[in-house]
K.L.:
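Before I ask anything, let me first share the structure, which is written out below as structure tokens.
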Protein chains: 2
Amino acid sequence: MPYSELIQYFEQYVSLTEEEKSHINSSYKRVKLKKKDFLFKQGERCTTEAFVLKGTLRSFYVDSRGNEHVLNFALPGWWVGDLSSFYHGTDSFITVQALEDTDLLVIDPDVKEDLFNQIPSLERVFRIIVQKHLSSLQTRFLSTISETADQRYNNLLNKIPNIEQLVPQHQIASYLGILPESLSRMKKQLLEGKK
Amino acid sequence: MPYSELIQYFEQYVSLTEEEKSHINSSYKRVKLKKKDFLFKQGERCTTEAFVLKGTLRSFYVDSRGNEHVLNFALPGWWVGDLSSFYHGTDSFITVQALEDTDLLVIDPDVKEDLFNQIPSLERVFRIIVQKHLSSLQTRFLSTISETADQRYNNLLNKIPNIEQLVPQHQIASYLGILPESLSRMKKQLLEGKK
DNA sequence: TTATTTCATTGACCTATGTTAAGACTTTTA
DNA sequence: TAAAAGTCTTAACATAGGTCAATGAAATAA
């Protein structure tokens, strides 16, 4: 059972026969990234959808002034990719990079289409994944437009309690939409004012 | 051909038999909203997915301090709803309200499921719609975190050139994520400084 | 038609966060 | 192990946009 984490993940949603499990195992390939390696880059087509086995990654957007904005971190058990680019062949708006040595299971669009034909029940699983993706993007958007930086900081700590151990602080600042200097200042005020 | 706008919309993506067209016609119901009427509200389940025939609507989120944030405007030919709530029965995070007298074609989750069973090719149409929805949310998010208010103002004018005629200015400010006072000031500076 | 609510503008002042720059500490690379 | 690169903190100053308050115009309701 080589890719048991992934199989387990799918079996949260559907049950699979031994034959289906072996289809899954032969469709996904194991990929290892070194710290700082890219999975794919903004401006290229994203032909990869990956399930994280081990490690930490970040997805980010570079704006017209060259500033990076972290959209999300990805931890074991999470998916990374750019849906639009993967399915429609458009250029990706984001870059995905490993923040430490990372193990992934990846698939490309053609193999995924074959897999859907072999195991139709996976369509349902991925419909749910897309739905969750959409709803988490909506939550993040609402939080960004309606909450202060320190509320967003608390949200992040609730979502990923050990985030401070996993990624450098300037990446956290970028996720929050502020500069590292501002995060430093904010943390100091939180400690002092205990507010 | 009672609902020809909707049929035409679908036929951009797939071709339909006369029988299928009549299924569609009997699945959607016409709904008229008066200015200020709500289609559904934040905190309730959204059991309606609507295609706009005539009029203008806005979707907005009310945060914990009671401030409203406009997420989007909807014009003829656009869809409104809350996907998560519609499909999963969770409470909606947004409210949809008519900004003027509005005509819609609406469907509820059960009827939509039947319609998918009768016309499987519509699954593809709605997969594309969800994809577009996701990608436009991503664009809006990236613009919100990386651009200044006056760049976002320009984006909106490009997307909906006659928006100033369609909705009051404080709704535009809310969409941009600033206060009406700030939009007033900004427009004045744009005129003066011609910047 | 008048009364009432909604809307847009302006001004004075305030605050969170950006900008720039410097210094110390840590990790990676040669 | 030395040099280089990356990281975090602090401080002084700048700025976009928020807050509050007042006013007049426009739209809606009585």
K.L.:
Would you list the pairs meeting salt bridge (charged side-chain N to carboxylate O under 4.0 Å, His left out) in which at least one residue belongs to residues 158-179 of chain A, sequence neighbours left out?
P.N.:
A/E164-A/K187
K.L.:
Go through residues 59-76 of chain B and report each residue with a non-hydrogen atom lying under 4.0 Å from DNA chain C, sorted by number.
P.N.:
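None - not one residue of the stretch has a heavy atom sitting under 4.0 Å from the strand.
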K.L.:
Once you round it to whole Å, what is the distance between P of D/dT7 and CD of A/E100?
P.N.:
14 Å
K.L.:
Can you name the nearest heavy-atom pair linking B/Y9 to B/G77, along with the distance?
P.N.:
CE1-O, 3.8 Å
K.L.:
Over how many whole Å does the gap from A/Q189 atom CD to D/dT10 atom C1' extend?
P.N.:
12 Å
K.L.:
Which residue pairs pass the salt bridge (charged side-chain N to carboxylate O under 4.0 Å, His left out) test when at least one of the two sits in residues 128-149 of chain B, sequence neighbours left out?
P.N.:
none
K.L.:
Where do A/V52 and A/L75 come nearest, in terms of heavy atoms and distance?
P.N.:
CB-O, 3.4 Å
K.L.:
Rounded to whole Å, how long is the line connecting atom CD of A/E147 with atom C1' of C/dT17?
P.N.:
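My rounded result for the distance is 17 Å.
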K.L.:
Report which part of the nucleic acid A/L179 touches: base, sugar-phosphate, or nothing (heavy-atom distance under 4.0 Å, all strands).
P.N.:
base
K.L.:
Where is the tightest heavy-atom contact between A/Q42 and A/V62, given as atom of each residue plus distance?
P.N.:
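Scanning both residues, the minimum pair turns out to be OE1-N, 2.9 Å.
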K.L.:
Kindly give the atom pairs (protein nitrogen or oxygen, nucleotide nitrogen or oxygen) under 3.5 Å for nucleotides 21-28 of chain D.
P.N.:
residue : atom : partner : partner atom : Å
D/dT28  : OP1  : B/K35   : NZ           : 2.9

K.L.:
Looking at the side chain of A/K188, which of C/dA12, C/dT17, D/dT10 is the nearest nucleotide?
P.N.:
D/dT10
K.L.:
Establish, for the pair B/K112 and B/F126, whether the NZ or CZ atom is under 6.0 angstrom from the six-membered ring centre and no further than 45 degrees off its axis.
P.N.:
yes
K.L.:
When the distance from CE of B/M186 to P of D/dG17 is rounded to whole Å, what number comes out?
P.N.:
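Atom CE in B/M186 sits about 8 Å away from atom P in D/dG17.
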K.L.:
Could you tell me how far apart A/L183 (CG) and D/dA11 (C1') are, to the nearest whole angstrom?
P.N.:
17 Å
K.L.:
Measure the distance from NZ on A/K187 to P on D/dT10 and round it to the nearest whole Å.
P.N.:
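Distance, rounded to whole Å: 11 Å.
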K.L.:
Got a sec, which residues hit ring pair (Phe, Tyr, Trp, His ring centres under 6.0 Å) with A/F73, two or more places apart in sequence or on another chain?
P.N.:
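Scan of A/F73 (ring pair (Phe, Tyr, Trp, His ring centres under 6.0 Å), adjacent residues dropped) gives A/Y175.
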K.L.:
Among residues 151-173 of chain B, which ones have heavy-atom contacts with DNA chain C below 4.0 Å?
P.N.:
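DNA chain C contact set from residues 151-173 of chain B: B/P168, B/Q169, B/H170.
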K.L.:
Whole Å only: how far is the CZ atom of A/R185 from the P atom of D/dA11?
P.N.:
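Atom-to-atom, A/R185 to D/dA11, this comes out as 11 Å.
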K.L.:
It should be established whether B/S184 places a side-chain nitrogen or oxygen under 4.0 Å from OP1 or OP2 of nucleotide C/dT10.
P.N.:
no
K.L.:
For B/E11, what residues pass the salt bridge (charged side-chain N to carboxylate O under 4.0 Å, His left out) criterion, not counting sequence neighbours?
P.N.:
B/K21
K.L.:
With sequence neighbours left out, what residues match A/E68 under salt bridge (charged side-chain N to carboxylate O under 4.0 Å, His left out)?
P.N.:
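Here the qualifying residues are A/R58.
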K.L.:
Has A/E44 got more than 12 heavy atoms of other residues, nucleotides or ligands less than 6.0 Å from its CD?
P.N.:
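Yes, because the 6.0 Å sphere around CD of A/E44 holds more than 12 heavy atoms from other groups.
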K.L.:
Can you list everything that forms a salt bridge (charged side-chain N to carboxylate O under 4.0 Å, His left out) with A/K32? Sequence neighbours excluded, please.
P.N.:
A/D103
K.L.:
Suppose we screen for ring pair (Phe, Tyr, Trp, His ring centres under 6.0 Å). Which residues come up paired with B/F38, at least two apart in sequence or across chains?
P.N.:
none
K.L.:
Given axes from five pairs at either end, by how many degrees does the helix from C/dT1-D/dA30 to C/dA30-D/dT1 bend, rounded to 10°?
P.N.:
50°
K.L.:
Search all heavy atoms of B/S85 against all heavy atoms of B/T90 and return the closest pair with its distance.
P.N.:
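That closest heavy-atom pairing would be OG-O, 2.6 Å.
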K.L.:
For A/K41, check salt bridge (charged side-chain N to carboxylate O under 4.0 Å, His left out) against everything at least two apart and list the hits.
P.N.:
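Result, salt bridge (charged side-chain N to carboxylate O under 4.0 Å, His left out) vs A/K41: none returned.
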